[in-house]
There are 2 protein chains.
Amino acid sequence: MKISDLARRSGFSTDTLRYYEKIGLVPRAARDAGGRRVYDASTLTWLAFLDRLRATGMPMRDRLTYARLRAKGDHTGPERRQLLEAHRDEVRARVAQLQDCLTVLDTKIDSYPKGKANDPAPTDRPTDTP
Amino acid sequence: MKISDLARRSGFSTDTLRYYEKIGLVPRAARDAGGRRVYDASTLTWLAFLDRLRATGMPMRDRLTYARLRAKGDHTGPERRQLLEAHRDEVRARVAQLQDCLTVLDTKIDSYPKGKANDPAPTDRPTDTP
DNA sequence: CCTTGACCTGGAGCGCGCTCCAACTCCTAC
DNA sequence: GTAGGAGTTGGAGCGCGCTCCAGGTCAAGG
């Protein structure tokens with residue numbers, strides 16, 4: 001698989017893929033005779049998981065830590081587990097926070113008239129309640 | 001209330017508060033005789049709500065749009081409502097995505113041995129499953 | 001052959017959302 | 001009256017995570 005294929009299948013741009021390799025998030029890819037990167041399917045699996053970490057807001061430095069542990073070998077399993085457990089806790093907290101915010105949003109939305117956007121103006125001063 | 005009080009009570013730094021005023025996210029504060037900003041409690045309410053919008057990932061440009069509508073007056077209620085409804089949908093989608101990611105995380109975590117981080121190494125090659 | 005286009009590298013640039021700075025003014029306490 | 005601390009302004013700088021660019025190499029199609 002060449003980089004353009006991996007890009008298409010992973011959803012990351014080729015620039016991002018090269019960037020990820022440069023910073024060590026993805027192991028250095030094998031090269032063909034002409035120096036071009038060659039990937040196998042396992043990279044795709046790894047990228048998909050990285051994307052989950054990213055989607056859940058894990059900062060780059062932690063993804064990098066995780067990637068380095070992974071590169072070190074199977075014996076880093078427990079450390080990686082700890083990292084993921086800590087991250088899971090944060091994601092759970094984030095979900096709880098978002099759900100909390102959702103009730104605030106719902107309340108706020110209910111406080112506004114439902115009509116279409118170009119209704120007659122009742123007053124013309126800034127609202128005091130946000 | 002002076003800016004340092006508002007900062008303490010809102011959780012935003014004084015720099016951020018001035019920045020928010022500069023870009024129009026917060027209406028220009030009244031000034032005392034010496035040119036210092038003076039706030040009333042309503043600003044705090046507004047900031048708390050802004051913080052919810054921020055916490056739920058609403059981008060600055062949308063918060064700005066919302067702030068401008070608010071500044072325009074009560075008759076923008078329906079528009080604001082639309083904005084918030086759209087945002088709420090995004091937050092809901094985000095929560096769903098996070099919950100989805102959580103199950104992936106859980107599965108991944110279960111796949112790692114539970115022992116403490118300095119366990120004996122079973123192999124020493126990079127893991128194929130991320 | 002020669003063109004085309006995908007790929008390579010190192011490094012610069014960017015958008016976001018602040019954060020910090022210099023240089024100044026003003027109020028308060030001693 | 002003077003030192004210190006909190007406030008003011010405009011503008012520069014920063015960390016993150018890419019994104020883009022110049023200038024080159026290489027392989028395949030016509």
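Sequence lines set the chain letters: A, B, ... in the order given, protein chains first and strands last, and positions in each chain run from 1.
- Straight-line distance from the CD atom of B/Glu21 to the C1' atom of D/dG7: 13 Å, rounded to whole Å.
- Annotation: B/Arg94, atom CZ; neighbour count of heavy atoms from other residues, nucleotides and ligands within 6.0 Å is above 12.
- Between B/Ile3 atom CD1 and D/dT9 atom P there is a gap of 8 Å when expressed in whole angstrom units.
- For A/Phe12, the ring-ring contact (aromatic ring centres under 6.0 Å, His included) partners at least two apart in sequence or on another chain are A/Tyr20.
- At the heavy-atom level, A/Arg18 lies under 4.0 Å from base atoms of the strands shown.
- In terms of phosphate contacts, A/Tyr20 brings a side-chain nitrogen or oxygen within less than 4.0 Å of OP1 or OP2 of D/dC18.
- Rounded to an integer number of Å, the gap from A/Ile23 CD1 to C/dG11 P is 17 Å.
- Nucleotide C/dC26 holds its P atom 17 Å from the NZ atom of B/Lys2, rounded to whole Å.
- If you take OG1 on B/Thr103 and CZ on A/Arg88, they are separated by 11.5 Å, rounding to the nearest 0.5 Å.
- Note on A/Arg54: only backbone sugar-phosphate atoms sit closer than 4.0 angstrom, heavy atoms only; bases stay farther off.
- Residues forming a side-chain contact (heavy atoms from CB on, under 4.5 Å) with B/Ser111 (at least two apart in sequence, or on another chain): B/Lys108.
- Atom CZ of B/Arg61 and atom C1' of C/dG15 are 10 Å apart (whole Å).
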- prompt: Going 5' to 3' along nucleotides 19-30 of chain D, which nucleotides have protein heavy atoms under 4.0 Å from the base (write B), which only from the sugar-phosphate (write S), and which from neither (write -)?
  reply: BB-----BS---
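- Taking the side chain of B/Met60 as heavy atoms from C-beta on, and the options D/dT9, C/dG17, C/dC7, the nearest nucleotide is C/dG17.
- Within the structure, a side-chain polar atom (N or O) of A/Arg63 is placed less than 4.0 Å from OP1 or OP2 of D/dG17.
- Residue pairs satisfying the salt bridge (charged side-chain N to carboxylate O under 4.0 Å, His left out) criterion with at least one member in residues 52-65 of chain B, sequence neighbours excluded, are listed as follows: A/Asp100-B/Arg52, B/Asp51-B/Arg54.
- Atom OH in B/Tyr39 sits about 10 Å away from atom P in D/dG7, given to the nearest Å.
- For A/Arg8, the side chain to side chain donor-acceptor pair (under 3.5 Å) test picks out A/Asp5, with sequence neighbours left out.
- Atom CZ in B/Arg8 sits about 14 Å away from atom C1' in D/dA6, given to the nearest Å.
- Within the structure, every side-chain polar atom (N or O) of A/Arg37 is placed at least 4.0 Å from both OP1 and OP2 of C/dA6.
- At the heavy-atom level, B/Ser4 lies under 4.0 Å from the strands shown only through sugar-phosphate atoms.
- Under the rule for a side-chain contact (heavy atoms from CB on, under 4.5 Å), the partners of A/Thr14 that lie at least two apart in sequence or sit in another chain are A/Ile3, A/Ala7, A/Arg18.
- The residue B/Phe12 sits apart from the nucleic acid: no heavy atom pair falls under 4.0 Å.
- Between the CG atom of A/Asp62 and the C1' atom of D/dC16 there is a distance of 13 Å, rounded to whole Å.
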